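Just so you know, these numbers use all the heavy atoms, side chains as well, and skip hydrogens, waters and symmetry mates. Within every chain, numbering begins at 1; the chains are lettered A, B, ... in the order of the sequence lines, protein sequences first and strands thereafter. Just so it is clear, the structure is predicted and the values come from calculations on it, not from any experiment.
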Protein chains: 2
Amino acid sequence: MAGSRQRRTVQRMPAEKRVSDIMRAARAVLAEHGAHESFISEVAERAGVVEGSLYRFFSSKRDLIEKVAEDWYEEMLTDYSAHLDGVRGTRNRLRFIIHHHLSIIKKEPALARMVFQEFRPARNYRSTRLFTLNQAYTQRIAEIVKAAIRDGEFSGDFPPAFVRDMIFGGIEHRVWAFLRSEGDFDVGQTANVVTDFVCRALSVAESEPVDRVTAALSRIEAVADRLEGAAEAGASKVRGKPGLKT
Amino acid sequence: MAGSRQRRTVQRMPAEKRVSDIMRAARAVLAEHGAHESFISEVAERAGVVEGSLYRFFSSKRDLIEKVAEDWYEEMLTDYSAHLDGVRGTRNRLRFIIHHHLSIIKKEPALARMVFQEFRPARNYRSTRLFTLNQAYTQRIAEIVKAAIRDGEFSGDFPPAFVRDMIFGGIEHRVWAFLRSEGDFDVGQTANVVTDFVCRALSVAESEPVDRVTAALSRIEAVADRLEGAAEAGASKVRGKPGLKT
DNA sequence: AACATTTAATGAAGCTAATTCAATATCTGC
DNA sequence: GCAGATATTGAATTAGCTTCATTAAATGTT
């Protein structure tokens, strides 16, 4: 006790527990300080291990941060896909995803920022597990757009991947001030305006209502024809022949 | 010459020249390696000074990089505003800016990436000279949108600042793969699709559909007349049989 | 229960790249 | 040509990530 030579009794934990301890600590530190200002010394201390020990489980600081990000992504994606399946209608489905994305950013600004800033720009991003996860996430947008185009609801002028970029890019730009702690944003309102913007851009020209009027008119005219015919027939006793049109 | 003690004769340059030398070297190194992988040792060597000397002119590595970015921004903005003034029509003006932005990214990917990744996310971004420069740059979009709304060309449903975010955010997302050297993009084609998307979202519905509705209404009224006539005729003559189908 | 083996965990040492600073060489004015 | 001022140097310092030889907890063996 008197000597500094005293080595604290140390527990040998199962690797699993150690890893989860470290990752929990890392996530807390990252959420507090962001990637650049987070030091593994602090992570180690909070996790109750010594700096060097981290390297038994993670090959580098970056590897650790990446695993934390992956973990977070997987957590986010849980239930997301199932919930989306329960939402009907193109517009509602788009809004659901946009809203979900904004909620995530609002809840975990530091982690979101870290992904935007550290991982997505990295040279090897496309060979990253994070990329795969992200792709599964954003893919749903493309599916929705594709389906809407097939159903004639959306114009086919814009590739689904492009629409996806406009949505996620637009959202990201919109929330940067918040991510910098220099501003705020309202999740619901932002979701509305983004959704409106996209639907306005994609919706097949307003000809739709016009077409419906025209179609209804055609039916009315057909009825009028028949009525006239019937009336005439009735007038001339027997000359009836109703020319049907669809 | 034989001894290593020989100190190379050194020129005392005017500060201005030194600064510009260092900045030129820094820009080249940054364009080659990006911010993280650029070392001031390399910058110093290329600029023909010793590492420590950089700190006479720049307070830190970050300060140097920031100055380089500012310099680049100012260079970009030169003539941009004047050229824009020569472009007429909302759509053309929007496309000009979008095209200009894409061109810059294409020409200087490393610097663009650096700004996106390093500076915009920084906590104090809004108090940065770079922010001011960028604002002057993007402000033009808001002006154009505002004017178009005033002229009834664009719907007023979307705040100009929001439109600006959608445009620059969408562009940025679209070009990330290129910035990572993992893909490419076509400036002209991308400018077109982005411009189309935005104009589609904002354009007030053309008057044509309205005219068509009016025309359709005239027809409906005519049909109503006929129906009334037919009904009267049928009623007075015989009790007609209305074999209606959907 | 003593001993041997394995390996988790340690903590000090090493490395790289940024930053500081006392010493020095060049410039300028007299 | 001298003195003071200051630009430039290069060695020393610092910070934070990473490595590794050493230590000791766990496990197996007789």
- request: May I have all residue pairs that pass ring-ring contact (aromatic ring centres under 6.0 Å, His included) and include part of residues 63-115 of chain A, sequence neighbours excluded?
  value: A:Y80-A:H100, A:Y80-A:Y137, A:H100-A:Y137, A:H101-A:Y137, A:H101-A:F168

Could you list the residues that satisfy side chain to side chain donor-acceptor pair (under 3.5 Å) with [X], not counting sequence neighbours?
| X | answer |
| --- | --- |
| B:E172 | A:H173, B:R120 |
| B:D79 | none |
| B:S81 | B:R140 |
| A:R18 | none |

Neighbours of DNA chain D within residues 14-23 of chain B, by heavy-atom distance under 4.0 Å: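 Only B:R18 qualify.
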
field: Within residues 50-64 of chain B, residues whose heavy atoms come under 4.0 Å of DNA chain D
entry: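 Heavy-atom cutoff 4.0 Å gives B:V50, B:G52, B:S53, B:R56, B:F57.
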
query: When you measure from every atom of DNA chain C, which of residues 28-39 of chain B have a heavy atom less than 4.0 Å away?
result: B:S38, B:F39

Who passes ring pair (Phe, Tyr, Trp, His ring centres under 6.0 Å) against [X], sequence neighbours left out?
| X | result |
| --- | --- |
| A:Y125 | A:F131 |
| B:F154 | none |
| B:Y55 | none |
| A:H33 | none |

field: Aromatic B:F178 / basic B:K106 pairing, under 6.0 angstrom, 45° off normal
entry: yes

